[in-house]
Amino acid sequence: MFLLNTSEVEVSPFLLIGIPGLEHAHIWISIPICLMYLMAILGNCTILFVIRTEHSLQEPMYCFLSMLALSYLGLSFSSLPTMLRIFLFNNMGISADACIAQEFFIHGFTDMESSVLLIMSFDCLVAIRNPLRYSSILTSFRVLQIGLAFAIKSVLLVLPLPFTLKRLRYYNKCLLSHSYCLHQDVMKLACYDNRVNFYYGLFVALCMMSDSVFIAISYVFILKTVLGIASHGERLKALNTCVSHICSVLIFYVLPTMLRFAKHKSPLAMILIADAFLLVPPLMNPIVYCIKTRQIRVKVLEKLALKPK
């Protein structure tokens with residue numbers, strides 16, 4: 001029987017998990033975690049600052065990169081409080097409302113990240129197939145429209161998740177399996193029928209999977225166009241424009257795939273990969289784009305008063 005009257009539902013506090021068996025070393029584990037968060041936040045803020053202040057970078061590609069950096073910052077700040085509480089202070093408890101709010105922001109920014117990667121694949125496709133019409137197709141106003149549309153889509157897609165979780169009643173001992181709150185993790189602890197949560201969570205997951213399908217289709221057209229270019233040098237030049245995006249896509253989709261395979265392996269491997277899913281992509285984004293995108297690298301070095309190579 002479904003519980004629809006949320007005013008009658010009492011939700012017990014949840015307990016997050018650090019790294020089982022290494023609780024005594026949490027304070028030492030917190031050092032690399034804090035450094036990764038700091039580097040991710042500083043790196044993505046640097047990208048936003050450079051793109052915002054450099055007129056030469058006011059192009060669609062860099063606008064989409066700004067959106068990606070914003071989604072990574074949101075993801076970092078959403079998971080930062082609980083990760084630091086666990087590894088710095090061994091404080092595993094989290095209130096139900098805080099947990100539900102955290103899963104909303106984590107899923108929302110993750111979907112936004114997936115959506116921006118899809119937009120960027122379309123940007124690469126237009127740049128390679130129609131380079132002469134690129135500026136007329138992706139105008140500043142159209143880029144703004146696309147960004148707002150996908151941001152609203154991400155919010156509306158995950159907005160029902162907190163309400164479907166809030167209506168449930170949970171067991172007294174609510175031990176989660178990660179260092180942060182996820183919808184599927186909280187949902188499993190319900191002691192009443194959670195079919196609505198399951199099916200809507202599956203719908204959200206399928207929507208995010210559809211992004212990967214459209215990204216793959218975009219790259220099929222990109223490869224078809226590149227292979228039609230006669231000059232070998234021009235082929236490499238065309239593909240080089242997409243290298244940074246390909247790296248970001250691989251980082252975003254490889255870790256969840258590893259997490260699925262890890263379900264049949266040790267719980268420790270699952271926890272480490274799950275934590276890496278939130279730590280690694282925001283950390284790698286500024287590194288990848290600074291290394292593979294010369295315009296970004298040069299401007300960052302100029303801001304740091306270093307002579308670019």
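In this text, all values refer to a predicted model and were calculated from it rather than measured experimentally. For the single chain, residues carry numbers from 1 onward in sequence order.
Here the side chains of V143 and I119 are not in contact, with every heavy-atom distance at 4.5 Å or above. Here the side chains of L57 and L65 are not in contact, with every heavy-atom distance at 4.5 Å or above. Two residues are said to be in side-chain contact when any heavy atoms from C-beta on lie closer than 4.5 Å; D97 and K166 meet this criterion. Between M208 and H107, every side-chain heavy-atom pair lies at or beyond the 4.5 Å cut-off. Counting only heavy atoms from C-beta outward, the side chains of S179 and L16 never approach each other to under 4.5 Å. Between I41 and L73, some side-chain heavy-atom pair lies under the 4.5 Å cut-off. Considering only heavy atoms from C-beta on, N91 stays 4.5 Å or farther from I86 through its side chain. Proximity of F163 to V196: side-chain heavy atoms (C-beta onward) are nowhere separated by under 4.5 Å.
Checking side-chain atoms of N44 against main-chain N and O of P282 turns up a donor-acceptor pair under 3.5 Å. The backbone N or O of A274 lies less than 3.5 Å from a partner atom in the side chain of Y180, making a donor-acceptor pair. In this structure, H183 contributes its side chain and L165 its backbone to no donor-acceptor pair below 3.5 Å. A distance-only check finds a donor-acceptor pair linking the side chain of S30 to the backbone of I27 [under 3.5 Å]. Using modelled atom types, no side-chain atom of R133 and backbone atom of V126 make a donor-acceptor pair closer than 3.5 Å. In this structure a side-chain-to-backbone donor-acceptor pair under 3.5 Å is present from Q58 to I51. Formation of a donor-acceptor pair under 3.5 Å by the S114 side chain with backbone atoms of T110 is not found in this model.
Taking E54 as the reference, K299, K303 meet the salt bridge (charged side-chain N to carboxylate O under 4.0 Å, His left out) condition, with sequence neighbours excluded. Residues meeting the ring pair (Phe, Tyr, Trp, His ring centres under 6.0 Å) test with Y219, sequence neighbours left out: H245. The side chain to side chain contact (heavy atoms under 4.5 Å, CB included) check on Y200 picks up L157, P160, L161, F203, V204, with sequence neighbours excluded. Considering only residues two or more places apart in sequence or on other chains, F105 meets the side chain to side chain contact (heavy atoms under 4.5 Å, CB included) condition with S78, F109. I31 meets the side chain to side chain contact (heavy atoms under 4.5 Å, CB included) test with W28, L35; sequence neighbours excluded. Annotation: side chain to side chain contact (heavy atoms under 4.5 Å, CB included) contacts of S177 (sequence neighbours excluded): D185. Contacts of C124 classified as disulfide (SG to SG under 2.5 Å), with partners at least two apart in sequence or in another chain: none. C99 is linked by a disulfide (SG to SG under 2.5 Å) to C181, counting only residues two or more places apart in sequence or in another chain.
Put simply, CG on N285 and CG on L68 are 4.5 Å apart, with the number rounded to the nearest 0.5 Å.
Taking a 6.0 Å sphere around NZ of K153, one finds it holds more than 12 heavy atoms contributed by other residues, nucleotides or ligands. Within 6.0 Å of atom CE in M92, more than 12 heavy atoms from other residues, nucleotides or ligands are found, so the atom counts as buried in its surroundings.
Hydrophobic clustering, defined by side-chain heavy atoms of Ile, Leu, Val, Met, Phe, Trp and Tyr closer than 4.5 Å, leaves L132 isolated from every other such residue. The hydrophobic cluster containing L42 also includes L38, under a criterion of side-chain heavy atoms closer than 4.5 Å among ILVMFWY residues, counted directly or through chains of members. Other members of the hydrophobic cluster containing L144, listed by chain and number, are L148; membership follows side-chain contacts under 4.5 Å among ILVMFWY residues, whether direct or relayed.
In the model, Y134 has a side-chain atom that pairs as donor or acceptor with a side-chain atom of D123 under 3.5 Å.
L250 and V213 end up in the same hydrophobic cluster when Ile, Leu, Val, Met, Phe, Trp and Tyr side chains are linked at under 4.5 Å. Under a hydrophobic-cluster definition in which Ile, Leu, Val, Met, Phe, Trp and Tyr are linked whenever side-chain heavy atoms come within less than 4.5 Å, directly or via other members, F252 and V243 are assigned to different clusters. By the criterion of side-chain heavy atoms lying less than 4.5 angstrom apart, applied directly or through intervening Ile, Leu, Val, Met, Phe, Trp or Tyr residues, M120 is not grouped with V220; the two fall into different hydrophobic clusters.
Taking both residues in full, the closest heavy atoms of S135 and T139 are given as O-CG2, 3.6 Å, listed atom of the first, atom of the second, then distance. Minimum interatomic distance between L278 and S79 (heavy atoms only, all atoms of both residues): CD1-CB, 3.4 Å. Nearest heavy-atom pair, L84 versus C34, reported as atom, atom and distance to 0.1 Å: CD2-SG, 3.4 Å. Minimum heavy-atom separation, S248 to L117: CB-CD2, 3.8 Å. In terms of heavy atoms, P286 sits closest to I47 at CA-CD1, 3.4 Å.
For residues 54-91, no pair satisfies disulfide bond (SG atoms under 2.5 Å apart), with sequence neighbours left out.
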